[in-house]
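Quick caveat, the model's predicted, so the values are computed rather than measured. In what follows, every chain begins at residue 1, and chains take the letters A, B, ... in the order their sequences are listed.
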Amino acid sequence: MNPDKAYYITTPIYYVNGRPHIGAALTTTCCDVLARFHRMRGRRSWFLTGTDEQAPKVVEAAQKAQIPVQQFVDTLAGEFQATWRRLHIAFDDFIRTTEPRHVEVVQEVFRRLRDRGDIYKGLYQGWYCVADETYFRDSDVGEDHLCPNPECRRPLERKSEECYFFRLSAYGDRLRQYIEANPEFLQPDFRRNEVIRFIESGLRDMNITRVNDGWGIPVPDDPDNVIYVWFDAVINYLAATGWPHAPDWENLWPADVHLVGKEIYVRFHATLWPAMLMGLDLPLPRTVYAHGFWVDAEGKKAGKRTGGIPHPIELAQEISDLSGAPFEMAADALRYLMLREMVFHGDTEYARESFLGRYNTDLANDLGNLCNRAVNMVTRYFDGVVPTPTRAEEEIVQLARETAQEYETALGEFRFNAALEAVWRLIGRMNRYIEEKTPWKQAKEGDREELAVTLYTCLEAVRVAATLLAPVMPAASGALWRQIGLPTTVDTVRWEEATTWGLLSPGTTVPAPQPLFPRILDAVKPDEKKRVSESKKVETTDQEKSRKEEGTPPAATGEQSAEAPVITIDEFMKVQLRVANVTAAEPVPNASKLLKLTVEVGEETRTILAGIAEMYQPEELVGKQVVVVANLAPRKMRGVESQGMLLAADVEGQAIIVQPETRVPSGSRVR
RNA sequence: GGCGGGGUAGCUCAGUGGUCAGUAGCGAACGGCUCAUAAUCGUUAGGUCGUGGGUUCGAAUCCCACCCCCGCUACCA
């Protein structure tokens with residue numbers, strides 16, 4: 001193995017269509033923690049993050065904001081970097097897909113794969129959704145030519161064009177073999193199974209270019225086309241190493257970890273990207289790990305109150321405001337809280353009360369107060385000078401050593417919460433230790449020798465805890481070290497300091513004790529006005545191709561009013577709405593949402609399919625009057641032709657049918 | 001419907017055949033202590049381990065069926 005090979009870890013590159021959100025903050029913080037951890041252990045580590053700026057959606061967002069595209073992406077890329085800095089994220093490199101170094105490598109990859117026949121030109125016909133950046137086959141698109149994604153439903157563009165395909169279909173077998181031979185490659189385990197099943201279902205060649213409309217990376221020797229966003233995006237991991245010309249690119253590649261959210265895992269990071277690398281004859285990343293999302297309590301038991309999920313900086317600011325802690329400490333608190341609350345492999349409910357509550361219990365009460373009471377007693381009983389212990393408390397020394405081991409193991413398995421729990425077991429033990437030793441009695445009884453042992457042990461334990469926590473809370477660890485009189489900083493700290501007992505020198509002077517994490521006094525009561533009335537699931541990861549949000553930066557959390565275009569009365573009158581009587585209704589086989597209705601529209605009998613099975617029983621519909629679109633082109637679904645469309649109100653995804661206020665003749669025109 | 005994940009103490013979860021299900025965290029109750037940020041420590045909370053079968057000397061843990069929840073996906077024209 002290359003002895004100069006760095007520990008290379010990446011986040012996905014984030015879309016610059018809005019500000020960073022807490023999901024991106026989670027991914028990025030996790031990477032930062034791992035990078036810091038490995039650095040602390042003496043291995044060179046290299047942490048890459050960046051922004052994805054080549055997408056058509058970016059152009060859209062810029063236009064909407066009425067800002068030149070380049071300026072738009074510059075601003076947002078700057079905002080990402082600023083956000084990460086404020087959250088103490090020490091990335092080593094920040095790649096932007098508009099940078100020449102990225103563009104050149106994308107084109108080089110394209111050339112190489114084309115030369116070996118893995119990229120070929122073909123004809124693509126289909127519907128394209130700009131918002132989702134996805135093509136749909138004819139069979140997926142209805143007569144209205146709206147995006148089939150139920151949460152998008154924007155108008156599609158018809159595209160019939162020559163474009164390039166990546167021969168993904170050729171890599172299924174090799175991928176499977178590789179995945180099965182390398183259990184570390186895809187994690188967690190159950191995700192690996194999903195990938196294998198996805199591959200078994202048959203990989204299709206992927207269309208990877210589109211017509212050049214002035215934004216995007218031109219196809220080499222064919223500048224009328226630009227490279228499609230996914231193909232482009234994943235290459236950033238390689239581009240940042242300097243491949244293929246930089247002499248030391250192999251000191252970075254292959255990546256040790258690609259950490260991504262689960263939504264971009266199966267199709268892109270676990271299949272497309274590895275297949276591309278195979279085509280380039282490059283080694284695959286050692287591990288690709290998918291984590292889950294934050295979700296809110298929507299759909300859970302009624303009465304559970306939660307708000308929306310705020311932006312990370314705002315959340316840190318709120319913690320700072322409520323507690324009185326400086327922003328840097330609050331930012332570290334947020335880092336801790338995210339990692340401690342997250343069940344990393346799965347989805348986790350975000351609850352404001354839970355975050356703030358844990359701030360108090362874990363950080364203020366357990367850790368902060370432990371440090372405070374220890375330092376306070378040193379000040380009170382030893383004039384602020386670290387006493388000389390006559391012996392070591394073997395049990396505590398042993399526990400500290402075990403804690404470090406557990407922490408190390410857990411981080412190696414991406415179990416951030418378990419790593420932190422281990423540290424808190426040490427902290428909890430120390431609070432108990434103080435109760436057992438009752439140093440205030442030792443002081444009163446003049447047992448200076450035992451008192452020295454007790455307090456020194458406490459300070460040492462705080463030192464070890466601070467060291468273990470340094471990757472997670474770099475600023476807070478610094479504050480803890482300062483509080484016990486040490487000059488240690490996150491830049492100089494080494495892992496061995498966590499596994500070596502007794503590094504704090506007796507005679508050291510400690511500063512006057514101060515609460516590091518001041519308690520939040522009214523955390524229990526949710527702050528009503530702060531609560532953003534919100535809905536649904538708040539996604540949280542990385543580069544969400546499926547993101548529904550508009551590309552505007554502000555924290556506007558309201559519903560996306562899909563600003564309908566104004567139409568004329570003539571246009572409206574093209575739509576023939578008529579009252580119909582439902583004469584029969586039955587479920588459609590193999591469809592959970594569809595009902596097949598037989599309706600009479602005047603003299604005419606029609607079959608209409610409606611997606612209302614979740615709200616209505618067939619029998620309760622018979623005899624009802626409904627409103628249908630009578631002149632809609634027929635469309636087959638589940639093998640049944642629907643001759644019209646039933647009108648229904650969309651209430652959070654549930655369909656409520658529209659009826660005349662009193663009974664009217666069947667066939668009556670509605671307008 | 002297909003594929004995947006899950007249903008364990010009030011809440012969040014550990015726990016993949018065997019001392020009576022967890023030393024778990026939060027919340028709650030009671031008690032102790034006073035160095036400390038109304039902090040901390042102790043005790044308590046007696047939960048049909050979703051339901052019904054089966055395998056086994058023995059299952060929360062294996063098998064089958066069913067119910068419910070979540071994710072991806074197909075179907076709401």
Length of the CZ-P vector between Arg340(A) and U12(B), whole Å: 15 Å
Between G1(B) (C1') and Leu609(A) (CG): distance, integer Å: 16 Å
Assigned partner base of A65(B), Watson-Crick or wobble definition, under 3.5 Å: U51(B)
Trace of the side chain to side chain donor-acceptor pair (under 3.5 Å) decision for Glu393(A) with Tyr456(A): CA-CA 10 Å; Glu393(A) 291 279 18; Tyr456(A) 183 83; over 6 Å; no
Tyr407(A) (side chain) donor-acceptor with Leu468(A) (main chain) under 3.5 angstrom: yes
Rounded C1' spacing from U23(B) to C3(B) in Å: 40 Å
Base-pairing assignment for U34(B) (Watson-Crick or G-U wobble, both under 3.5 Å): none
P-based separation of C57(B) from C13(B) [nearest Å]: 37 Å
Residues Asn369(A), Arg519(A); criterion side chain to side chain donor-acceptor pair (under 3.5 Å); working and verdict: CA-CA 10 Å; Asn369(A) 186 53; Arg519(A) 219 178 129 75; over 6 Å; no
Inter-nucleotide C1' distance (C69(B), U8(B)), Å rounded: 15 Å
Asn360(A) CG - G25(B) P separation (whole Å): 17 Å
Opposite nucleotide pairing with G4(B), Watson-Crick or G-U, both atom distances under 3.5 Å: C70(B)
Sugar-phosphate only, base, or nothing, as touched by Ala610(A) at under 4.0 Å among non-hydrogen atoms: sugar-phosphate
Nearest-Å distance for atom pair CG/C1', residues Leu577(A) and A77(B): 13 Å
Base versus backbone protein contacts along nucleotides 26-35 of chain B [heavy-atom cut-off under 4.0 Å; B, S, -]: SS----BSSB
Integer-rounded Å distance: G5(B) P and Ile196(A) CD1: 12 Å
G50(B) to G10(B) separation - P atoms, rounded to the nearest Å: 14 Å
Minimal non-hydrogen separation, Val375(A) against Pro511(A), with atom names: CG1-O, 3.7 Å
Touch class at under 4.0 angstrom, heavy-atom based, for Ile608(A) against every strand present: nothing
Rounded P spacing from A14(B) to G6(B) in Å: 9 Å
Centroid-centroid under 6.0 Å between Tyr265(A) and Trp273(A) rings: no
Inter-nucleotide P distance (A60(B), C68(B)), Å rounded: 24 Å
Rounded distance in Å between the P positions of C70(B) and C62(B): 24 Å
Arg425(A) or Asn365(A), whichever maps to the more 5' nucleotide of RNA chain B: Arg425(A)
Phosphate OP1/OP2 of G42(B): any Arg432(A) side-chain N/O under 4.0 Å: yes
Salt bridge Arg432(A)-Glu435(A), side-chain N to carboxylate O under 4.0 Å: no
Nucleotide A77(B), atom P - distance to CG of Leu646(A) in whole Å: 7 Å
Nearest heavy-atom neighbours spanning Met430(A) and Ala461(A): CG-CB, 3.5 Å
Separation between the C1' atoms of A9(B) and A24(B), rounded to whole Å: 12 Å
d(CG, Asn417(A); P, G25(B)) in whole Å: 15 Å
Lys NZ or Arg CZ of Arg448(A) over Phe382(A) ring: under 6.0 Å, within 45°: yes
Contacts of Ala580(A) that satisfy side-chain contact (heavy atoms from CB on, under 4.5 Å) - sequence neighbours left out: Val599(A), Val601(A), Val626(A), Val628(A)
Complement of A77(B), any strand, by Watson-Crick or G-U distances under 3.5 angstrom: none
Protein-nucleotide distance (Phe517(A), atom CZ; U37(B), atom C1'), rounded to Å: 12 Å
